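Only a predicted model underlies this, so the values are computations on that prediction, with no experimental measurement involved. The residues of the chain are indexed from 1 along the displayed sequence. Order of listing sets the numbers, starting from 1, for every ligand and every atom in it.
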Amino acid sequence: MFFSSNPPIHSWKNKIVWIIGASSGIGAALASLLAQNGAHLVLSARSVDKLNDVARTCDAFSTFHSLILPCDIHSEEEIHSTYQKIKQQHHAIDLVIIASGTYDALSIREFNPQQLSTVINTIDTNLTGYYRVISYVIPDFLKNGKGGLAMISSVAGFSGLPNALAYAPTKAALNNLAEGLYAELHPHQIGIYIVCPGFVATPMTANNRFPMPALIEVDQAAQAIISGLEKGQFEIHFPKRFTLFLQFLRRLPRSWYIKIISYFFHKNSIL
Ligand SMILES: NC(=O)c1ccc[n+]([C@@H]2O[C@H](COP(=O)([O-])OP(=O)(O)OC[C@H]3O[C@@H](n4cnc5c(N)ncnc54)[C@H](OP(=O)(O)O)[C@@H]3O)[C@@H](O)[C@H]2O)c1
């Protein structure tokens with residue numbers, strides 16, 4: 001096949017998995033499911049208390065104690081020291097999952113110089129921070145001749161979206177980055193996975209005041225991600241009833257796409 005996929009993951013038993021953004025939502029649900037499947041976890045995010053809660057849930061399924069290493073993805077120094085601590089404990093990481101993210105609605109109608117800080121924070125959390133992690137883990141993956149990197153992007157990265165003018169471009173960039181990484185790293189047996197969820201019920205979406213079509217529970221999202229990883233899928237997107245429709249819209253002529261999407265947003269008074 002021209003575009004073969006990543007090697008399948010047959011078992012999670014004793015696999016070392018570092019989850020960044022493990023303190024809530026999708027990252028926390030993934031941690032719990034992976035612990036149930038026998039993985040050994042390293043859990044990172046900024047909120048120590050929440051990480052402790054997640055670790056308690058995970059450790060109930062396992063004889064292995066999750067390693068809690070709080071860090072802020074904005075800080076190169078913290079990523080560096082966290083990674084050194086992981087290397088002291090574990091010979092090699094099998095999979096890094098970057099799930100950290102932030103979302104603030106942003107419409108051009110409210111945009112002014114004060115809002116630049118929101119844009120900068122979103123880019124740093126959702127994109128630049130991912131590069132910080134990649135800069136440490138990929139060289140070791142190459143040295144070891146194995147490893148996998150899963151990045152949680154979004155369907156918001158498929159095409160331009162109104163009212164998501166900071167968030168959606170970071171996810172589009174992640175989708176693009178994953179394609180480049182895959183092309184370079186696939187011959188080296190390094191797995192690259194890009195995860196594009198639709199709407200998932202997590203703290204991030206809890207305050208959304210607009211309709212969220214095909215909203216799913218966080219455990220369903222975690223299950224879909226694990227299943228995609230096990231199959232070695234490069235792009236893991238779900239729920240299909242929503243993502244396939246968006247992929248269809250993406251293939252339409254641009255002017256049609258923009259008309260349809262702006263009709264939907266105006267009809268639902270999102271703008
Ligand atoms: N929920 C959805 O509908 C949906 C849809 C598509 C994609 N996604 C993506 O899925 C990922 C997880 O989102 P979620 O819905 O699970 O939201 P969430 O519950 O708000 O989780 C976000 C996670 O990111 C961490 N985080 C935020 N800023 C960080 C920083 N500076 N350094 C380290 N960690 C940081 C948070 O931990 P701390 O605050 O403790 O640091 C938390 O663990 C995000 O990338 C999001 O864009 C979500």
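- With sequence neighbours excluded, the residues forming a side-chain contact (heavy atoms from CB on, under 4.5 Å) with P239 are A214, I216, R241, F242, listed by chain and number.
- The ring pair (Phe, Tyr, Trp, His ring centres under 6.0 Å) check on H80 picks up Y136, with sequence neighbours excluded.
- Using a cut-off of 4.0 Å between Lys/Arg side-chain N and Asp/Glu carboxylate O, D140 and K143 are scored as salt-bridged.
- When each of I20, L34, I26 is checked for a side chain to side chain contact (heavy atoms under 4.5 Å, CB included) with I97, only L34 meets the rule.
- Protein residues lining ligand 1, listed by chain and number: G21, A22, S23, S24, G25, I26, A45, R46, S47, C71, D72, I73, H74, A99, S100, G101, T125, Y130, I152, S153, S154, Y167, K171, P197, G198, F199, V200, T202, P203, M204, T205 [non-hydrogen atoms, distance under 4.0 Å].
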Check residues 61-72 and write down every donor-acceptor pair under 3.5 Å in which the side-chain atom is one partner and the other belongs to a residue at least two apart or another chain.
from	atom 1	to	atom 2	distance (Å)
S62	OG	F64	N	2.8
S62	OG	F64	O	3.2
H65	ND1	D59	OD2	3.4
S66	OG	D59	OD1	2.8
D72	OD1	H74	N	2.9

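- The two residues V218 and A201 have their closest heavy-atom pair at CB-O, 3.8 Å.
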